[in-house]
Amino acid sequence: MSQTPRYRFAPSPTGFFHVGGARTALYNWALAQREGGVFVLRIEDTDESRNSPEWTSGIIDALAWLGIDSTSPQFEGPYFQSQNASLHIAAAHRLYESGHAYWCDLTPEQIQERAKASGKQGYDGYSRDRGLEPGAGRVLRFRVPEGTTVIRDLVRGDVEFENSSIEDFVLLRGNGSPMFLLANVIDDIEMRITNVVRAEEHLPNTPKQQMLWHSLGHEPPVWAHVPVLVNEQRKKLSKRRDKVALEQYKDEGILAEAMVNYLMTLGWAPHGDTEIVPWSTIVEQFRLEDVNHSPAFFDVKKLHAFNGEYIRALSIADFIATCRPWLTAEDVPWNADRYNEDAFIKVAELVQTRVVTLSEVPAMVDFLFLDTPIIDEQAFAKTFAAEFAVPFLERCRAAYASIDWTHDALKLHLDALSEELVVKLGKLQAPLRVAVTGRTVGPPLFESLEVLGRERTLRRINDALSRSV
RNA sequence: GCUCCCAUCGUCUAGUGGCCUAGGACACCACCCUCUCAAGGUGGCGGCACGGGUUCGAAUCCCGUUGGGAGUGCCA
């Protein structure tokens, strides 16, 4: 009879949610879902400097954005490591009483001196058999046994560590507070965790944790250490150098589904030859045994490609709804009261295939809501340098004053002009586009004009004509 | 330094001894479509780090070399 699998995600609240953490959380969540297990969230807040209540709600929000729903029956927590401190300390004392740990009065400086004198690194086990009693400033150290420790890891297979290469590590600090390693293990035991899936950087700590599990009389969980995410220099993603905050990607208009899908293809791939798959497929197919062993480059370009796919897959109604927050934000280039959703709806379809992130949307339609367009000077100079530009615009102005105001009629007229002036339509329309939208690229021009309206179009042509002389 | 991990196109990956003339995706290039730009379509470029084994047969197994990475706190 197998027990229900209990996975866990144990971030420390450092102020923002890291994309690497997001991937680890997603791995755990996918597995818990598929196996009918539980996803336990534990906030590892035992370091004072990494603790602030709003960080925690930030984590919950980030998880929710990723689709990890804290109200799901398969979600448990959040638990707070700091609240279990007495449990950690009690366990440490049990370890002392059973002979698995001992007290040590060496200061870090003394340890360094001894290491220097002996030519070996680290703590040398000096206090192992000194039979010290607990006392002020004394740390409790784990007595690492002889032998070897084998970690059964689902992604890496068996990893062997020589115990002699592991020093007697600290369980309790001189001030009596528990160390992370201990707290982590005690919490996992307490929460009946059966599967630990986390980043590879924890692998070197795992033998210590496994020894703790055994010393405390428990069978260790199933381990799985997944490769880290790296930057183009192939270094672990760091918040100092790299853009790693999930929030930043959300703010630039990355869709959660795209982020989730992309993250899952780092170190793993769905079956078949498309990587764009719904979460349900991922849950069906994801197995730790299939996770790649080497670090994966977090490629923003590919993330954007995924995002473009997801944006284009949206129904037009969903696309409009998804754009709304970006079009009604504070920092939009037009006066908020000038925003007209009906106008946006008319061009939405044309915008949808032209953006990769939602943050690009406002700049693509700003000319509709601005009194006067934001003129790109370089584009203006370049397009108005053409000989035909001014005469063309003058004729355009004359014709557009009376023509039927539909994109077809608008275009038809330019087609005729194009033939007459022997300038290809593609070139011909450029000055018009710059005059009206301020830019050289954008949604199809005649549809844009139709939505803009005759009056505003003519005014902008006038403005352009007068500034070009 | 020491411990551990890793190695398929530029990048993310498929591949678990014969289906591999190594497949897909992103990026890149070309062409088609086209009112700009996209989107879409078609095609192209490009890889098993190296050296030894094992085997009738190796990207796949073993060993070594080289190259990367992670860890190495009274941080988490």
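Residue numbers begin at 1 in each chain, while the letters A, B, ... track the order of the sequences.
Shown for residues 145-160 of chain A: residues whose heavy atoms fall under 4.0 angstrom of RNA chain B, namely A:Arg156, A:Val159, A:Glu160. Interface residues of residues 275-294 of chain A facing RNA chain B, ordered by number: A:Glu275, A:Asp290, A:Asn292, A:His293, A:Ser294; criterion, heavy-atom separation under 4.0 Å. Near RNA chain B, meaning a heavy atom under 4.0 Å from it, residues 408-419 of chain A has A:Lys411 in order of number.
When heavy atoms are screened at a 4.0 angstrom cut-off, A:Pro11 is found touching no nucleic acid atom at all. Using a 4.0 Å heavy-atom distance criterion, A:Leu445 is classed as a base contact. Using a 4.0 Å heavy-atom criterion, one finds that A:Gly272 contacts no nucleic acid atom at all.
Remark: A:Arg397 engages A:Asn462 in a side-chain hydrogen bond (donor to acceptor under 3.5 Å, both in side chains) (not counting sequence neighbours). For A:Asn84, the side-chain hydrogen bond (donor to acceptor under 3.5 Å, both in side chains) criterion is met by A:Asp187, not counting sequence neighbours. Residues passing the side-chain hydrogen bond (donor to acceptor under 3.5 Å, both in side chains) test with A:Arg8, sequence neighbours excluded: A:Asn184, A:Asp188. The side-chain hydrogen bond (donor to acceptor under 3.5 Å, both in side chains) check on A:Ser359 picks up A:Thr357, with sequence neighbours excluded.
Residues in residues 149-190 of chain A take part in these ring pair (Phe, Tyr, Trp, His ring centres under 6.0 Å) pairs, two or more places apart or across chains: A:Phe142-A:Phe169. Here salt bridge (Lys or Arg N to Asp or Glu O under 4.0 Å) pairs that include residues 425-454 of chain A, with residues two or more places apart or in two chains, are A:Asp366-A:Arg439.
Both A:Gly174 and A:Leu350 sit near RNA chain B, but only A:Leu350 has its closest nucleotide nearer the 5' end.
Residue A:Arg173 places no side-chain N or O under 4.0 Å from the OP1 or OP2 atom of B:G73.
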Going by atom type alone, with no hydrogens or angles, which donor-acceptor pairs under 3.5 Å involve a side-chain atom of residues 379-388 of chain A and a protein atom two or more places apart or on another chain?
from     : atom 1 : to       : atom 2 : distance (Å)
A:Thr383 : OG1    : A:Ala379 : O      : 2.8
A:Thr383 : OG1    : A:Phe380 : O      : 3.3

What donor-acceptor contacts under 3.5 angstrom involve side-chain atoms of residues 309-320 of chain A, with partners at least two apart or in another chain?
from     : atom 1 : to       : atom 2 : distance (Å)
A:Tyr310 : OH     : A:Asn261 : OD1    : 2.5
A:Tyr310 : OH     : A:Val277 : O      : 3.4
A:Arg312 : NE     : A:Gly308 : O      : 3.4
A:Ser315 : OG     : A:Asp318 : N      : 3.1
A:Ser315 : OG     : A:Asp318 : OD2    : 3.3

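For the pair A:Phe169 CZ and B:A76 P, the interatomic distance rounds to 14 Å; values are reported in whole Å.
Looking at A:Arg354 and A:Glu360, no side-chain N of the basic residue comes within less than 4.0 Å of a carboxylate O on the acidic one, giving no salt bridge. Note on A:Asp290 versus A:Arg287: salt bridge recorded, some NZ/NE/NH1/NH2 to OD/OE distance being below 4.0 Å.
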(request) Classify every nucleotide of nucleotides 61-70 of chain B by which part a protein heavy atom approaches to under 4.0 Å, writing B for the base, S for the sugar-phosphate alone and - for neither, in 5'-to-3' order. (result) --------SS

